[in-house]
Amino acid sequence: MNPAGLAAAAGTPRLPSKRRTPASPPGMADPHQLFDDTSSAQNRGYGAQRAPGGLGYPNSSASPQASFMADPVSNMAMAYGSTLAAQGKELVDKNIDRFIPVTKLKYYFAVDTVYVGKKLGLLVFPYLHQDWEVQYQQDTPVAPRFDVNAPDLYIPAMAFITYILVAGLALGTQDRFSPDLLGLQASSALAWLTLEVLAILLSLYLVTVNTDLTTIDLVAFLGYKYVGMIGGVLMGLLFGKTGYYLVLGWCCVSIFVFMIRTLRLKILAEAAAEGVPVRGARNQLRMYLTMAVAAAQPLLMYWLTFHLVR
Amino acid sequence: MKPADGSIMNETDLTGPILFCVALGATLLLAGKIQFGYVYGMSAIGCLGIHALLNLMSSAGVSYGCVASVLGYCLLPMVILSSCAIFFSLQGTFGTMSALVIVGWCSLSASKIFISALDMEGQQLLVAYPCALLYGLFALLTVF
C-alpha cells in the first residue's frame with residue numbers, strides 16, 4: 001500500500017506543470033487537490049517509516065541527551081518558544097502581504113542572467129532593437145525571463161544600491177567620505193525617485209490615459225537610468241571629467257531613446273505606436289507627456305551625479 | 001564548476017558564522033581597527049537584504065537562518081584577507097587585486113550554495129552580484 005502511495009505521490013507533482021500552462025486561472029481546483037494528495041501521502045509515508053524507527057530511538061539516544069529531554073520544564077520551555085516563534089512568523093507573513101504585494105513583486109524578479117545581459121546591452125545601445133512590444137500569454141505579460149522587453153525590478157534595485165556604493169567610493173577618493181553622507185545620498189536619490197513617480201502618475205491621471213502601466217512598472221522604468229549614472233561616475237573616477245561627460249552623454253541619449261520607444265507603446269494609443277502620425281489633441285498630449293518623461297531622465301542623471309565627479 | 005549538493009542547507013546553524021564574524025573582528029582589531037559594530041551591523045543588514053531578494057527571486061522561499069548561515073560561512077576568505085592586513089598594508093595594487101579576488105571567491109561560493117539549495121537555474125551570477133556587493137563592503141572595511 002505504502003510504496004504505491006509513495007509512487008503516486010512521486011508521480012503526481014509532475015502533472016501540475018503539464019496541466020497548469022494551458023489554462024492558468026481555471027485550474028485552481030486541481031493544484032489544491034494535488035497538494036492534499038501529496039501531503040497526506042507523505043504523512044502516511046513518514047508515519048510508516050517512523051514507527052519501526054521509533055522503537056529503536058530511545059535505545060540509541062545518549063544519556064546526557066535523555067536527561068535533558070526528560071526534564072519537563074525544559075520540554076515545556078522549548079515547546080512554548082517554538083509556538084511563540086511560529087506565531088510571530090505567521091503574524092509577519094499575514095501583515096506583510098497587506099503592505100507589500102509580494103506575489104506581484106515576484107513577477108518582476110523572475111529574471112535570469114541572459115535576460116539581464118541583454119537588457120543591460122539594450123539600455124546602453126537601444127538603436128538596433130526592432131521589436132519593443134511585450135509578449136503576452138492570455139492577458140498576463142510574460143515573465144521577464146522569456147521576453148527582453150518586459151520590465152523587471154532586479155536591475156533597478158541592484159543599480160540603485162550600486163549607485164549608492166559608487167557614490168560612497170567617489171566621495172571617499174575625494175576625502176569627503178563619512179558614513180552619514182552615504183545615508184544622505186541614499187535618501188536623496190530615493191526622494192527624487194518618489195517625486196518622479198508621483199509626478200508621472202499625476203500627469204497620467206490628468207491626461208486621462210488608459211494604460212496598463214502599473215506603478216511598479218513605472219518604478220522599474222525610472223530605475224533604469226541608474227545604470228547609466230553608475231557608468232558615468234565610474235568613468236569619471238578613472239578618467240576625470242572628460243571620461244565622465246563622454247560616458248554620461250552617451251548614456252543620456254541611450255536612455256532617452258529607450259524610454260521613448262518603451263513608453264510609446266504603453267502610453268500612446270495603438271495607432272500611434274505603430275509609427276503612424278495621428279491627428280487629434282489627445283494623442284499629441286500623450287506624445288508630449290512621453291517626451292517630457294524621457295527628457296527628465298538625462299536631466300536627473302546629470303543632477304544626481306555631477307557633484308560626485310570633481 | 002561542479003554543482004554543490006543541494007542537501008547541504010538542510011540543517012542551518014549559526015555557530016560557524018558567528019565564530020567567523022568574531023574572528024574577522026579580532027583580526028581587524030589586531031590590525032588596529034576597532035570596527036566590531038560595523039561588522040555586526042553590516043552583516044545583519046546585508047543578510048536581511050539578501051533574504052528579501054532571494055525570497056523574491058526563487059520559487060521556493062528561504063528562511064533567514066539559512067541565509068545568515070550561508071553568508072557567514074562564506075565569510076571565511078575575508079578573515080584570511082584581514083589577517084594579511086595585519087602584516088602589510090593593503091592599500092596598493094597588490095592589496096586591491098587580492099581584495100577583488102577574495103570578494104569574488106566569497107560571492108561565487110555563496111551563490112553556488114544558494115542556487116543549489118534553492119534550485120534556481122541560470123541565476124548564479126545574479127545571486128553572486130548582491131553577495132559581491134556585501135562582501136565588497138567588508139573588503140572596504142578591511143582595506144581602508
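Since the model is a prediction, treat every value here as computed from it, not as a measurement. To find a chain, count down the sequence lines: A is the first, B the second, and so on, and within it residues start at 1.
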J.: Which residues, numbered in order, of residues 106-122 of chain A come under 4.5 angstrom of chain B by heavy-atom distance?
T.: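 Near chain B, by residue number: A:K106, A:F109, A:V111, A:D112, A:T113, A:V116.
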J.: Would you indicate whether A:L105, at its atom CG, is surrounded by more than 12 heavy atoms from other residues, nucleotides or ligands within a distance under 6.0 Å?
T.: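 Yes - once you tally the heavy atoms of other residues, nucleotides and ligands closer than 6.0 Å, there are more than 12.
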J.: Would you compute the distance between atom CZ of A:R145 and atom CD of B:E121 and round it to the nearest 0.5 angstrom?
T.: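 Rounded to the nearest 0.5 Å, the CZ-CD separation comes out at 5.5 Å.
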J.: Counting heavy-atom pairs under 4.5 Å to chain A, which of B:L140, B:L137, B:L53 comes out on top?
T.: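 When all of B:L140, B:L137, B:L53 are compared, B:L53 has the most.
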J.: With a 6.0 Å cut-off (strictly less than), is the heavy-atom count around CZ of B:F94, excluding the residue itself, greater than 12?
T.: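 Atom CZ in B:F94 is not crowded, with 12 or fewer foreign heavy atoms closer than 6.0 Å.
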J.: Inspect the surroundings of OH in B:Y38 and state if more than 12 heavy atoms from other residues, nucleotides or ligands are less than 6.0 Å away.
T.: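 Atom OH in B:Y38 is not packed in, count stays at 12 or less.
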J.: Using a heavy-atom cutoff of under 4.5 Å, enumerate the residues of residues 215-227 of chain A that contact chain B, numbered in order, or state 'none'.
T.: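 Residues qualifying by a heavy atom under 4.5 Å from chain B are absent, so none.
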J.: For chain B, which residues of residues 151-161 of chain A have at least one non-hydrogen atom nearer than 4.5 Å to it?
T.: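 If one takes a 4.5 Å heavy-atom cut-off, the residues of residues 151-161 of chain A near chain B are A:Y154, A:M158, A:I161.
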J.: Going by the side-chain hydrogen bond (donor to acceptor under 3.5 Å, both in side chains) test, which pairs reach into residues 133-144 of chain B, not counting sequence neighbours?
T.: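 Qualifying pairs: none.
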